[in-house]
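The structure under discussion appears below in the form of structure tokens.
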Amino acid sequence: MTNVSDANQDRVLIFDTTLRDGEQSPGATMTLDQKISIAAHLDEMGVDIIEAGFPNASPGDFEAVVNISKIAKNAIICGLARSVSSDIDRAGAALAKAKRPRIHTFIATSPIHMRHKLNMSPEDVLEAIDFSVRRARNLTDNVQWSPEDGTRSDRDFLCRAVETALRAGATTINIPDTVGYTVPSESADIIRMLLERVPAIENAVISTHCHNDLGLAVANSLAAVIAGARQIECTINGLGERAGNAALEEVVMAMRVRNDAMPYTTGIDSRKIMQASRMVSEATQFPVQYNKAIVGKNAFAHEAGIHQDGMLKHADTYEIMCPEDIGLSETVLVMGKHSGRAALREKLAALGYVVGDNRLNVIFSRYKDLADKKREVYEDDIIALMQSTAAEESNAHLQLDSLSLSCGMHRRAEATVELTFKGKQHRVTAEGDGPLDAAFSAVKKVFPHKARLSQYQVTAVTEGIDAQANASIRLTENDRIVVGQASDTDTIVASLLAYVNALNNLVVRRRKHVTSVH
Ligand code: KIV
Ligand code: ZN
């Protein structure tokens with residue numbers, strides 16, 4: 001049970017739904033391995049509840065919940081289910097190996113959803129709530145119930161619905177602001193009203209789940225906590241449908257930095273936040289906005305002269321938290337060209353990456369190449385190397401061996417690529433409107449496909465003309481979306497490697513027939 005005991009009145013539970021609501025964001029699909037690594041990190045970070053997926057939505061979601069259930073050490077693992085037997089039973093089956101399972105069942109309670117989406121009367125909905133919570137309670141004693149579109153529901157009906165869920169055995173009542181419509185005062189009012197009007201609600205944990213359509217998800221979540229909620233549902237980097245969910249890093253750091261105004265604690269080790277942010281951004285290839293609170297590249301950067309002057313005199317002048325609090329050390333020159341394996345291993349560990357000998361050897365040789373090409377190697381370069389080599393590990397089908405290009409103004413570009421495809425070597429040449437078009441066309445001659453390039457992005461890893469380029473590619477083939485990522489000091493090479501990585505991921509996805517049906 002996760003109920004907040006009297007001695008623990010001000011402990012706020014952190015419920016992370018990056019792997020469920022976060023993954024529902026179009027294009028944010030993650031592989032099973034990525035989900036397992038992220039879940040392991042969230043568990044280590046002190047997340048209380050990890051919503052690992054929606055088991056009946058797809059075989060991929062089911063598999064994720066099963067595997068995360070097996071590896072979780074402390075966190076409660078939660079699976080989402082609609083109010084139907086098939087969903088609830090499937091969630092129960094997926095959670096069978098979890099030390100601490102939770103089933104989260106939901107049904108819409110707003111007039112607009114009941115009428116137009118469910119085509120059910122309010123009485124039918126109450127019956128479905130009773131049925132679904134009881135069915136879930138037969139499978140586990142930890143059951144969360146949510147009234148979808150709760151903040152736009154009729155208040156009297158919301159109270160009746162919550163009362164029904166509690167009577168049927170729900171242990172957590174979560175109030176979703178599904179469409180990101182509420183405002184802080186209203187978010188607080190709803191929680192206060194439930195506490196005042198619903199009998200026996202004090203035996204359950206009240207939770208808040210806010211979407212960010214008006215940019216108010218974090219404010220609405222904190223207002224709910226101030227009014228009495230003791231669980232916040234959130235995601236790393238605020239990932240989630242449309243404008244996303246409340247960002248975990250923001251709610252956690254707000255309660256920590258402004259503990260005078262919001263005297264609540266969480267179990268989160270905030271020094272693991274930056275690593276979580278990088279893992280999610282890398283897995284989804286959703287870049288983090290530069291000025292994003294807490295984890296954005298500029299969150300601790302001080303450009304303006306007046307700020308820099310103040311910072312040099314005393315960091316408190318312009319900094320309300322230390323970069324170290326979220327696991328960020330200053331971007332410093334890491335190592336020289338002559339540094340050895342041990343120094344690299346130590347640096348990687350400081351950045352949150354624990355690597356075995358084989359992986360270290362690969363990264364070390366790439367590091368040496370990079371140090372030859374680049375005058376200065378920074379921590380961000382090491383992170384890019386790590387991410388790039390991790391992505392390459394999935395290149396089991398198609399590998400890029402070499403690329404040569406001729407291109408320029410007033411002429412068509414020509415690319416010659418050497419590729420290994422299914423163990424066989426190929427050398428092909430193609431023309432195109434520019435070097436990328438030519439290089440991608442050459443690859444397509446070896447690996448014909450109809451996938452559409454739905455996103456292509458290149459960013460510089462660090463400053464300077466010799467900076468590495470980090471390329472990210474998203475391919476869409478029917479309902480399959482895959483991403484590819486790579487970095488290199490040559491932008492075109494990085495882009496082509498990212499394309500090849502995405503094609504390898506497409507092969508895997510085609511085999512698994514994994515489709516998202518959320
Ligand atoms: O936003 C929402 O309503 C949800 C529910 C399933 C909790 O994600
Ligand atoms: Zn949601």
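Start at 1 and go down the list; that is how both ligands and their atoms are numbered.
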Are [X] and [Y] close enough for a salt bridge, meaning some N to O gap below 4.0 Å?
X	Y	answer
D141	R137	no
E477	R509	no
D189	R155	no
E249	K272	no
D156	R197	yes

(message) With heavy-atom distances below 4.5 Å as the criterion, would you say the side chains of R135 and D89 are in contact?
(response) yes

Which protein N or O atoms sit under 3.5 Å from any N or O of ligand 1? Give each pair with its distance.
unit_1: ligand 1; atom_1: 1 (O); unit_2: H209; atom_2: NE2; d: 3.1
unit_1: ligand 1; atom_1: 1 (O); unit_2: H211; atom_2: NE2; d: 3.0
unit_1: ligand 1; atom_1: 3 (O); unit_2: T178; atom_2: OG1; d: 2.6
unit_1: ligand 1; atom_1: 8 (O); unit_2: R20; atom_2: NH1; d: 3.4
unit_1: ligand 1; atom_1: 8 (O); unit_2: R20; atom_2: NH2; d: 2.9
unit_1: ligand 1; atom_1: 8 (O); unit_2: D21; atom_2: OD2; d: 3.0
unit_1: ligand 1; atom_1: 8 (O); unit_2: H209; atom_2: NE2; d: 3.1

(request) Using the test ring-ring contact (aromatic ring centres under 6.0 Å, His included), find all partners of H211 that sit at least two apart in sequence or belong to another chain. (result) H209

(message) Does the structure place the NZ or CZ of R90 under 6.0 Å from the centre of the six-membered ring of F62, at an angle of no more than 45° from the ring's axis?
(response) yes

(request) Just the protein N/O/S atoms under 2.8 Å from the Zn ion (ligand 2), please, no waters. (result) D21 OD2, H209 NE2, H211 NE2

Side-chain donor/acceptor pairs under 3.5 Å, residues 64-77, sequence neighbours excluded:
unit_1: N67; atom_1: ND2; unit_2: E63; atom_2: O; d: 2.7
unit_1: S69; atom_1: OG; unit_2: V65; atom_2: O; d: 2.6

